[in-house]
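Report on one structure; see the data block that follows.
Both backbone and side-chain heavy atoms feed into the values below; hydrogens, waters and symmetry mates do not.
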Amino acid sequence: MPLFTQRDIHGSEITPRDIYLNRRGLLLGAAGLALSAGGGAGAATLQGIPSPFSTDEKPTSREDVTSYNNFYEFGVDKSDPKQRSGALKTSPWTVRVDGLVNNPADYQLEDFLKPYALEDRIYRHRCVEAWSMVVPWLGFPLAEVLKRADPQGAARYVAFQTLVRPSEMPGQRGLFQALDWPYVEGLRLDEAMHPLTILATGLYGEVLPNQNGAPLRLVVPWKYGFKGIKSIVRVTLTDKQPPTSWNIQNAREYGFYANVNPQVDHPRWSQANERVIGSGLFARRKPTLTFNGYGEQVAGLYSGLDLRTNF
């Protein structure tokens, strides 16, 4: 099987599937996207702004990106998010921005997104489980949100929190709980302000599917995928390093920084190579790149920091 089966395309070229049309109006009005008719009644294209930060690698197939996921709020199997997330209601949705900021607020999603134009960001995605994809996101820089909130001088970190709604998220109920809820994550403020760090509201030119973290998720392409917290409801600036879910679950295996590093193995497997999703069962594994290949842009953030100790 070939590594990829489609040409390199931008989100602006893709016509959304009908399942997303009932939500596209939210993105169009709130994020300033252009709507163009074509291909019959109801057909539309969501147009993001091309970004110089995108990789020129070909995206993983839409089917793989939307069906091979870790989203433990819906179950621990890769197929669970797609199969079990249909009941999640993403409208209305509220996002709280608080903590050490001069402009705290509770936003309806429409108002939260309104100032921002979406960009096409085609990023490499590396999971801590040693598999990888290339994902064409639609999103905007997290830095713009933080500037709007106006961080106070004492702010050093940004903490994130996911929705807790067991009635719609079956992984949050029952006797076996993979994690403590809510799922929480965090970044240093300088990491959060970096231009590569985005909040995504879509992929493949479509509104973000539930299984991929609708309606709002974090994307930090030089870190392992578990840092990309999904279905965000709260962003808090703080002066202390915030707790993070996988570090709470097992600090020996999952550090706060979680930078992709082929020289620092997971205790139970090597990180030197990765399995490329969509490349076939018997395809040769690909060497992992330090910082997932984004070292030229982000290595300076960690000057003088021991990345083996601070994994």
Side-chain angles (χ1 to χ4, degrees), residues 10-12 14 16 20-36 44-54 90-123 135-153 155 157-163 185-209 212-221 228-238:
H10 290 285
S12 57
I14 304 299
Y20 302 112
L21 293 179
N22 65 326
R23 290 194 285 166
R24 78 170 189 267
L26 173 63
L27 278 181
L28 297 172
L33 294 176
L35 176 65
S36 60
T45 299
L46 300 182
Q47 296 181 342
I49 300 168
S51 171
F53 296 108
S54 291
T90 59
S91 180
W93 193 273
T94 301
V95 180
R96 171 171 291 183
V97 181
D98 64 1
L100 297 177
V101 296
N102 294 319
N103 299 319
D106 289 312
Y107 295 99
Q108 291 300 311
L109 184 63
E110 299 91 325
D111 297 324
F112 181 79
L113 297 177
K114 191 174 298 182
Y116 313 119
L118 297 191
E119 302 176 19
D120 291 311
R121 295 286 187 105
I122 304 174
Y123 280 166
V135 183
W137 302 103
L138 281 169
F140 55 91
L142 173 60
E144 297 304 312
V145 173
L146 301 179
K147 291 174 186 176
R148 184 183 183 189
D150 191 13
Q152 297 175 5
Y157 295 89
V158 184
F160 305 87
Q161 182 176 312
T162 288
L163 178 74
E185 256 303 338
L187 298 171
R188 278 188 347 204
L189 183 57
D190 58 347
E191 296 175 317
M193 295 292 290
H194 194 279
L196 283 174
T197 304
I198 64 170
L199 292 177
T201 59
L203 57 77
Y204 261 109
E206 304 166 345
V207 175
L208 197 64
N212 292 93
L216 189 70
R217 69 166 288 166
L218 178 68
V219 179
V220 192
I229 187 170
K230 305 174 179 74
S231 300
I232 295 170
V233 296
R234 189 174 184 179
V235 179
T236 302
L237 278 83
T238 176

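By the 4.5 Å heavy-atom criterion applied to side chains, Arg148 and Asn103 are not counted as neighbours. Inter-residue side-chain proximity for Leu216 and Phe112 is flagged as met; some heavy-atom pair is nearer than 4.5 Å. Side chains of Glu119 and Ser54 form no contact here, defined as non-hydrogen atoms less than 4.5 Å apart. Contact of the Val158 side chain with the Leu237 side chain is registered, since non-hydrogen atoms from C-beta on lie closer than 4.5 Å. Contact annotation: the side chain of Leu146 approaches that of Leu189 to within less than 4.5 Å [non-hydrogen atoms, C-beta and beyond]. Under the 4.5 Å side-chain criterion, counting only non-hydrogen atoms from C-beta, Leu203 is in contact with Pro209. Thr201 is not listed as a side-chain neighbour of Leu208, based on a closest heavy-atom distance of 4.5 Å or more.
A donor-acceptor pair is defined here as one N or O able to donate and one able to accept, closer than 3.5 Å; no such pair exists between the side chain of Thr236 and the backbone of Ala159. With hydrogens and angles ignored, the 3.5 Å screen pairs a side-chain donor or acceptor of Glu191 with a backbone N or O of Arg188. Although no hydrogens or angles enter the test, the distance criterion places no donor-acceptor pair under 3.5 Å between the side chain of Gln108 and the main chain of Thr94. A donor-acceptor pair is defined here as one N or O able to donate and one able to accept, closer than 3.5 Å; such a pair exists between the side chain of Ser231 and the backbone of Ala214. At least one donor-acceptor pair under 3.5 Å links the side chain of Tyr123 to the backbone N or O of Leu196. Using modelled atom types, one side-chain atom of Arg217 and one backbone atom of Asn212 make a donor-acceptor pair closer than 3.5 Å. With Thr162 contributing its side chain and Ile229 its backbone, the two residues share no donor-acceptor pair below 3.5 Å.
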Candidate pair Asn102 and Gln152, rule side-chain contact (heavy atoms from CB on, under 4.5 Å), full reasoning: CA-CA 6 Å; Asn102 294 319; Gln152 297 175 5; 3.4 Å; yes
Check the pair Leu218 / Leu199 against side-chain contact (heavy atoms from CB on, under 4.5 Å), numbers first and verdict last. CA-CA 5 Å; Leu218 178 68; Leu199 292 177; 4.2 Å; yes
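For the 3.5 Å distance criterion, the side chains of Ser51 and Asp120 fail to qualify, holding no donor opposite an acceptor.
The two residues Leu100 and Thr238 make their nearest non-hydrogen contact at CD1-C, 3.8 Å. Here the closest heavy-atom approach between residue Ile49 and residue Ala117 is recorded as CD1-CB, 3.7 Å. The minimum heavy-atom distance linking Tyr116 with Val145 is given by the pair OH-CA, 3.5 Å. Of all non-hydrogen atoms in Ala200 and Val219, the two that sit nearest each other are CB-CG2, 3.9 Å. The minimum heavy-atom distance between Pro195 and Arg121, with the atom names listed, is O-NH1, 3.0 Å. Shown here for Glu206 and Leu138, the closest heavy-atom pair between the two residues is N-CD1, 4.2 Å.
Asp190 contributes atom CG, which lies 9.5 Å from atom OG1 of Thr197 (distance to the nearest 0.5 angstrom). Atom CG of Leu163 sits about 13.5 Å away from atom CZ of Arg234, to the nearest 0.5 Å.
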